[in-house]
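This report refers to the structure that appears directly beneath it.
Residue numbers count from 1 along this sequence. Counting convention: from 1, in listed order, for ligands and their atoms alike.
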Amino acid sequence: LLTLGLDVGTSGLKALVVGAEGEVVAEATAPYAPRSPRPGWSEQNPEDWWRAVGSVCAMLGPVVGDVGAIGLSGQMHGSVFLDGAGTHVGPAILWNDQRTAAECDEIERRTDRRIRDWTLNPPRTAFTASKILWLRNHEPDAFARTRSVLLPKDFVRFRLSGDEATEVTDASGTNLLDVRNRIWSTETLAALEIDPSLLPRVVESVEVTGCVSAGAGAGLLRPGTPIVGGGADQASAAIGNGICEPGVLSITIGTSGVVYAQIDQIVVDPTEAFHTFCHAIPGTWMMMASVLSAAGSFQWYRDTAGAADADAAEAAGRSGFDVLMEGVSATPAGSAGLIFLPYLTGERSPHNDPDARGAWIGLNRRHDRRHLARAVIEGVCFALRDLVDGLAGLGAPVREIRVAGGGAKSALWLQIFASVLGRPVRATTTADASAYGAAMLAAAGASGEPIDALARHWVRAGPLVEPIARDAAIYEDVHAVYRTLYGANRDAMHRLSNLDRATADEGHGR
Ligand code: XUL
């Protein structure tokens, strides 16, 4: 049986065709980008995703016609608002959009803070519920035309099969799911006055939701091919990393960075840094915390300060990323006294602050672009370390750390990460763990084989990357400084982001 995993990411759509032994038979990626029309906003046109599905199917070629089951994975929390004809009424508001702080307050008020009892999670600007309220508050006409609200991967499902469905892992990130019982929370919907008919039905990740309809799938996917629920990209990445038991952590370094642990009994983080969501294995849950700009920070660096170097490398036929990483490798651990704060799109965990802002701190005349680049990578690793420490502080066992995402494709990044954590890490065989996990969920759904058995069969962990003792000692000290910088600069960050908004508002009025 060949299975197809499709991951509707933030920077592109990734497709993997996987064979019965877990081998990747074909892969394709179609890039696209989020738009930020105003400070703190992040949007995408759902048609970009659908066009990308057509592109990857075409790139994969005839093998797509042999696919026997499809699994979907995607960026979490984003809201696709559809009218009665299935057309979106405006752009999708994405997970890293920060416009909904007032709606989060509204949710606290309307639920009298009991949303924590009902959904196990507090409101967050990321989560879908605040986005629904934002549309109702700010674009009442568009809201009045809205007949369904779908998550990004479920919009692709809708286009492929005509079914309006989601599954428990992605539904957890809406802030509307009763995570304990794995059904929509009637209390929450009532308190927020959200009509339950706006929401799709919810299944488990391995359940089949429907089949490819005739005419969908760019004429390449076979009509009638079953589509399983799949999972949120983080849940799918955890499956792709073989996370089927507590104690083995999955960390993704994608646009965002996520620390993810399976739990067999519900735990709620009193500090609210970790979310408690359903895991893709029925009867299990997960704790997850997210930094908003991980590889996204390095992508920003590549496109701005590093653009001249990267563009020159690419013009000469080399990878811009590789050339930037060569500069990183030529600079010392600790970036000669330079620290980067990766709060380019505000921060979720642990600060939960939409108005947090990034910085390089410690600049001196000896620094050049290579130090700037290294500090970016180290800053992202420090942010992730705060989350790993937080999880350990909740008493969660941490026996092994598996890393996926763009950052895991770089041996140097993995090495720096191991040294920052002061413990070994390993990548799994596919860095595209979300698409791979989605293919695994499809295989499990189609064959009935339990996920953990499939994971033992399919998932191959790469070699252990050990910390370098000398670097780890330096990072201990630098991280101690890093930890003080958010609090010390919070006020300045807020004033600057207010100024930025005010200036942008003026520009908007002109
Ligand atoms: C998780 C989150 C992000 C997106 C990125 O809560 O917001 O990791 O899933 O794709």
- Task: Determine yes or no for a side-chain-to-main-chain donor-acceptor pair under 3.5 angstrom, with Thr209 supplying the side chain and Gly229 the backbone.
- Result: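 No, Thr209 side chain to Gly229 backbone: no donor-acceptor pair under 3.5 Å.
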
- Exam field: side chain Lys131 to backbone Arg99, donor-acceptor pair closer than 3.5 Å: no

Contacting atoms of ligand 1, where contact means under 4.0 angstrom from a heavy atom of [X]:
| X | result |
| --- | --- |
| Met76 | 1 (C), 4 (C), 6 (O), 9 (O) |
| Met288 | 1 (C), 6 (O) |
| Val258 | 8 (O) |

- Any pair counted as side-chain hydrogen bond (donor to acceptor under 3.5 Å, both in side chains), so long as it reaches residues 282-294, sequence neighbours left out: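 Listed once each, the pairs are Ser293-Thr345.
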
Which protein heavy atom lies closest to [atom], and at what distance to 0.1 Å?
| atom | answer |
| --- | --- |
| atom 3 (C) of ligand 1 | Ser256 OG, 3.4 Å |
| atom 6 (O) of ligand 1 | His77 NE2, 2.7 Å |
| atom 2 (C) of ligand 1 | Arg348 NH2, 3.4 Å |

- Item | 4.0 Å heavy-atom contact, His275 with ligand 1 | no

- Message: Students often mix this up, so state it plainly: with edges at 30° and 60°, are the rings of His275 and Phe277 parallel, tilted or perpendicular?
- Response: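 Rings of His275 and Phe277: parallel, under 30°.
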
- Message: Using 30° and 60° as the class boundaries, would you call the ring planes of Tyr343 and Tyr482 parallel, tilted or perpendicular?
- Response: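 Judged by the thresholds at 30° and 60°, the geometry between Tyr343 and Tyr482 is tilted.
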
- Across all chains, not counting sequence neighbours, the salt bridge (charged side-chain N to carboxylate O under 4.0 Å, His left out) partners of Asp233 are none

- Message: As a check for students: among Leu292, Thr10, Asp233, identify the option with a heavy atom nearest to atom 10 (O) of ligand 1.
- Response: Asp233

